Number of protein chains: 2
Amino acid sequence: MTDGVVERSRPRDRILETARDMFHKHGIKGVGVDAITEAAGTNKMTLYRHFESKDDLIVECLRANAAKAGAMWDTFEAEHPGDKLAQLHAWVRKAAAMLNTDGRGCDMANAAAELTEPDHPARRVIKELKEAQRERLVGLCRDAGIGQAELLADTLSLLFEGARVSVQTVGAEGPSTQFVRMAEGLIVSFRGTAAG
Amino acid sequence: MTDGVVERSRPRDRILETARDMFHKHGIKGVGVDAITEAAGTNKMTLYRHFESKDDLIVECLRANAAKAGAMWDTFEAEHPGDKLAQLHAWVRKAAAMLNTDGRGCDMANAAAELTEPDHPARRVIKELKEAQRERLVGLCRDAGIGQAELLADTLSLLFEGARVSVQTVGAEGPSTQFVRMAEGLIVSFRGTAAG
DNA sequence: CTAGGGTGTTACCGGTCTGTAACTTCCAGC
DNA sequence: GCTGGAAGTTACAGACCGGTAACACCCTAG
């Protein structure tokens with residue numbers, strides 16, 4: 001078991017953290033609540049005292065993931081204060097780094113692939129959080145002075161999403177190795193036509 | 001139940017077809033063998049006479065999917081014989097059409113998201129089939145006289161893959177609506193630098 | 001008509017799943 | 001030291017899972 005995040009903290013936090021890790025590694029339907037609580041060093045009753053159901057736990061995990069991703073954006077601003085173009089390049093580098101360090105794709109995309117029920121509570125939060133991320137990337141492109149900010153942001157976003165999928169299907173030595181080149185080329189290309 | 005593909009044909013074919021449909025709609029772990037056989041108008045014993053295990057059935061479904069996708073490529077050649085560039089544009093149109101008619105992503109990508117065991121038999125065939133598809137797209141780009149054929153093919157491939165994921169997470173009205181524009185723009189751009 | 005293979009039926013195995021009940025233990029605040 | 005709430009423990013319910021055994025059936029090839 002490499003899933004033993006059992007530091008001493010409040011049981012709810014340990015459950016949430018452990019669940020995030022295990023859902024990410026093994027998929028949502030690939031992990032039972034028993035396995036989560038055991039790895040978290042607690043028990044099932046405690047889980048159900050803090051979360052209404054497994055579905056509720058899933059939703060909370062997705063929100064926690066989004067919060068962590070949001071914190072990543074703040075580091076871009078901190079490292080390149082005011083320089084939006086540099087932040088965009090930082091995003092590209094960070095994205096590429098994730099492709100090489102994590103063989104699993106985006107948790108939200110994976111969750112959407114697994115949870116097919118149209119009215120599953122996770123589906124609406126996935127949509128909501130993905131849309132928020134898109135807004136953030138669009139804003140970055142726009143503030144970087146790029147004309148067709150939406151189009152560039154969407155293109156970069158789809159490229160990254162596709163690269164994560166590609167890593168999961170053919171591995172990190174496949175088409176995803178070209179991600180940085182693709183992304184940087186796109187940014188250059190869009191900057192060229194930036195008739196603001 | 002909309003999963004009733006119960007035309008009269010040999011049980012093995014019905015099982016395979018039904019399983020493909022149900023795996024696609026509900027995910028692999030979201031469908032049990034009982035549900036498949038019932039929808040296929042047969043029973044579990046017959047399934048296990050034709051397939052070694054559920055995993056074996058999964059693999060056969062993926063291969064059948066790939067075969068169907070392969071047939072699609074043949075229609076491009078049939079509709080635009082010899083004209084590789086026209087075939088490439090046909091691929092773009094076909095890809096875009098799939099984004100609007102099918103809210104679920106690529107079966108292989110979804111399977112890779114669900115089947116996390118590193119040595120799952122499906123993983124190697126997913127990789128193998130995806131690599132074959134890549135070869136086909138690279139070949140098309142190259143025969144269309146595009147200089148950096150591999151890079152264009154990989155870029156288009158990642159874009160499409162990402163668009164399918166996007167449809168699954170935020171819906172068909174999200175960034176995927178721009179797929180054709182992105183793809184066509186890329187082809188134009190790569191054709192411009194086609195220093196053959 | 002008959003033989004035999006493909007198919008259908010029923011029942012079952014052992015395991016796992018989410019979720020709950022009833023009870024005990026621990027520990028911090030007063 | 002006492003108390004109250006949070007956490008742990010055990011057992012269980014009810015459903016579903018993949019997979020198998022034993023047997024009855026039907027339909028076609030000879």
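Just so it is clear, the model here is predicted, and its values are computed rather than measured. Here is how names work: the chains are called A, B, and so on, in the same order as the sequence lines, proteins then strands, and each is numbered from 1.
If you measure from atom CD1 of A/I28 to atom C1' of C/dT18, you get 15 Å, rounded to the nearest angstrom. Summarising the geometry, the separation between CG on B/L47 and C1' on C/dG8 is reported as 14 Å, rounded to the nearest angstrom. Straight-line distance from the CG atom of B/L115 to the P atom of D/dG18: 12 Å, rounded to whole Å. Going from atom NZ of A/K54 over to atom C1' of C/dC17 covers 8 Å, rounded to whole Å. Remark: C1' of D/dG8 and CZ of A/R14 are 11 Å apart, rounded to the nearest angstrom. Distance NZ (A/K29) to C1' (D/dG18): 16 Å, rounded to an integer number of Å. Straight-line distance from the CG atom of A/D55 to the P atom of C/dC17: 16 Å, rounded to whole Å. With rounding to whole Å, A/H26 atom NE2 is found 16 Å from C/dT16 atom P.
Which of D/dG19, D/dG8, C/dT9 sits closest to the side chain of B/S53 comes down to D/dG19. Among C/dT18, D/dG18, D/dT9, the nucleotide with an atom closest to any side-chain atom of A/K44 is C/dT18. Out of D/dA21, D/dT9, D/dA7, the shortest distance to the side chain of B/M45 is found at D/dA21. Listed candidates were D/dG8, C/dT7, D/dG18. Nearest to the side chain of A/R49 is D/dG8.
Around CD of A/E52, the count of heavy atoms belonging to other residues, nucleotides or ligands within 6.0 Å does not exceed 12.
Listed for the A/R142 side chain is no donor-acceptor partner under 3.5 Å among the backbone atoms of A/A149.
Residues A/R181 and A/Q178 bring a donor and an acceptor atom of their side chains to less than 3.5 Å of each other.
At D/dG8, one or more side-chain N or O atoms of A/T46 fall inside 4.0 Å of OP1 or OP2 (strictly under the cut-off). Residue B/T42 places at least one side-chain N or O under 4.0 Å from the OP1 or OP2 atom of C/dG8. Side-chain nitrogen and oxygen atoms of A/H50 include at least one within less than 4.0 Å of the OP1 or OP2 phosphate oxygen of D/dA7.
Taking 4.5 Å as the limit, some side-chain heavy atom of A/F160 sits within range of a side-chain heavy atom of A/L99.
Among pairs with a residue in residues 89-98 of chain B, those fulfilling side chain to side chain donor-acceptor pair (under 3.5 Å) read B/H89-B/E184, at least two apart in sequence or across chains.
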